[in-house]
2 protein chains.
Amino acid sequence: MPSRKKPRPTGEARRKQRDPRALSLVQTRRQHAREIAEDYAEAIAELIADRGEARVVDLAARLGVTHVTVHRTVARLQKAGFVSSRPYRAIDLTRRGRALATTSRSRHETVLQFLLSLGIPEHVANTDAEGIEHHVSPETLAAFASALKKSGL
Amino acid sequence: MPSRKKPRPTGEARRKQRDPRALSLVQTRRQHAREIAEDYAEAIAELIADRGEARVVDLAARLGVTHVTVHRTVARLQKAGFVSSRPYRAIDLTRRGRALATTSRSRHETVLQFLLSLGIPEHVANTDAEGIEHHVSPETLAAFASALKKSGL
DNA sequence: GTGTTAACGTAGCATAGGCTACATTTTGTT
DNA sequence: AACAAAATGTAGCCTATGCTACGTTAACAC
Ligand SMILES: [Mn+2]
Ligand SMILES: [Mn+2]
Ligand SMILES: [Mn+2]
Ligand SMILES: [Mn+2]
């Protein structure tokens with residue numbers, strides 16, 4: 001038996017061994033932290049493409065929250081480097097924001113098409129895809145795309 | 001042109017027409033609100049099955065959070081009627097909690113098996129399933145189960 | 001039985017992300 | 001130019017969910 005002398009660290013560092021499955025839950029929480037950035041980036045890019053600009057009210061209507069929530073969130077996303085905005089002006093994506101929008105949109109579309117290919121009704125597939133998209137690893141995304149290609153033939 | 005006289009309601013009730021797609025995002029947020037209850041119920045049921053009881057520390061290790069977070073969350077779940085607990089004692093599921101655990105566990109398992117059937121590596125499938133499970137409608141769940149049955153033959 | 005320690009609980013802090021109510025600015029109409 | 005309305009911003013509230021630090025209780029070893 002090893003003679004451990006070191007006074008164990010305080011706080012949560014010791015404790016019962018962390019279950020390895022906990023990593024999946026931690027990862028899921030990280031994905032949730034990124035989820036809003038992804039949905040906003042997608043929505044902003046879409047609004048700019050469809051109407052030339054993305055306004056706070058448009059985002060609010062698109063995302064189902066109040067303009068106040070959008071305002072605060074945009075400020076946070078700006079601090080995080082995804083968007084740029086000035087008072088009373090339309091919202092723009094930074095280079096990083098555009099990159100996020102592109103990959104998110106593509107992944108969202110793949111997930112949606114995959115669900116539709118399983119025969120899920122459109123309305124349901126839309127909602128499920130909105131949630132699922134943020135939890136799909138590159139591996140799973142590739143598997144979805146590949147299954148889609150096969151079924152699409 | 002209709003002569004509208006009514007002073008529009010204050011607050012956010014008027015505003016630009018809400019995009020119908022916003023409903024999906026609202027639904028996704030609702031699912032997130034339920035997610036922790038589902039994961040806790042699953043974990044508690046599992047611990048009880050595996051070790052006879054579910055302790056705060058075990059849940060913390062299983063879920064990847066501190067015991068403090070577990071403590072507070074359990075209190076909230078108790079208020080919501082999913083668990084019962086008393087100071088310094090093990091945590092129990094109520095009837096409702098057991099029902100939630102059962103359906104959550106089953107859905108989780110279906111999602112996981114479906115991903116595995118697509119050839120996703122186990123480690124990745126575990127993590128993806130952990131996030132995806134909470135966003136799978138009954139329709140999609142049925143489609144997964146059905147695809148699984150076919151592939152399983 | 002006493003002492004140590006693990007488990008549990010509490011206090012207090014932070015961030016994210018919802019909201020309403022109200023203030024300000026911009027924009028469009030006359 | 002002036003007014004009305006829409007858009008945007010600000011103040012302040014709430015809940016959920018994470019954390020560290022520290023106090024208290026229960027369990028176990030001797
Ligand atoms: Mn989404
Ligand atoms: Mn689960
Ligand atoms: Mn989960
Ligand atoms: Mn999610």
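In what follows, chains carry the letters A, B, and so on, assigned in the order in which the sequence lines appear, proteins first and then strands, with residues in each chain numbered from 1.
The distance from atom NE2 of His32(A) to atom P of dA16(D) is 17 Å, rounded to the nearest whole Å. Rounded to a whole Å, the CD1 atom of Ile36(B) is 16 Å from the P atom of dT15(D). With rounding to whole Å, Arg30(B) atom CZ is found 13 Å from dG18(C) atom P. We find that CG of Leu59(A) is positioned 13 Å from P of dG18(C), with the value rounded to whole Å. In this entry the distance linking CG of Asp58(A) with P of dA6(D) reads 14 Å, nearest Å. When the P atom of dT10(C) is taken as reference, atom NE2 of His67(B) falls 10 Å away, rounded to whole Å. dA7(D) atom P lies 13 Å from atom CD of Gln17(B), rounded to whole Å.
Residue Val26(B) is found outside any hydrophobic cluster, as its side-chain heavy atoms come under 4.5 Å of no other Ile, Leu, Val, Met, Phe, Trp or Tyr.
Under 3.5 Å, the side chains of Asn126(A) and Ser24(B) contain no donor-acceptor pair of N or O atoms.
Under 4.0 angstrom from either OP1 or OP2 of dA16(D) there lies no side-chain N or O belonging to Thr73(B). The shortest distance between the side-chain N/O atoms of Thr66(A) and the OP1/OP2 oxygens of dC19(C) is below 4.0 Å.
Aromatic stacking is not marked for His71(A) over dT8(D), as the cut-offs of 5.5 Å for the centres and 30° for the planes do not both hold.
When distances are taken from the side chain of Val57(A) to each of dC8(C), dG18(C), dT8(D), the shortest belongs to dT8(D).
Taking the side-chain contact (heavy atoms from CB on, under 4.5 Å) definition, one finds that Ala125(B) meets it with Leu112(B), Leu115(B), Leu116(B), Ile120(B), sequence neighbours left out. Checked against salt bridge (Lys or Arg N to Asp or Glu O under 4.0 Å), Glu53(A) has the following partners two or more places apart in sequence or in another chain: Arg55(A). By the salt bridge (Lys or Arg N to Asp or Glu O under 4.0 Å) test, Glu38(B) pairs with Arg34(B), Arg107(B), sequence neighbours left out. A search for salt bridge (Lys or Arg N to Asp or Glu O under 4.0 Å) contacts involving Asp39(B) returns nothing, not counting sequence neighbours.
Residues His32(A) and His134(A) place their aromatic rings such that the two centres sit no closer than 6.0 Å.
Along DNA chain C, the nucleotide nearest Arg72(B) and the nucleotide nearest Arg86(B) are compared for position; the residue whose nucleotide lies closer to the 5' end is Arg86(B).
In the interface, the side chain of Arg29(B) is not paired with the base of dG18(C) through any donor and acceptor atom under 3.5 Å apart.
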Check the interface with nucleotides 24-28 of chain D: list each N/O to N/O pair with the protein under 3.5 Å, or write none.
unit_1  : atom_1 : unit_2   : atom_2 : d
dT24(D) : O2     : Tyr88(B) : OH     : 3.4
dT25(D) : O4'    : Tyr88(B) : OH     : 3.0

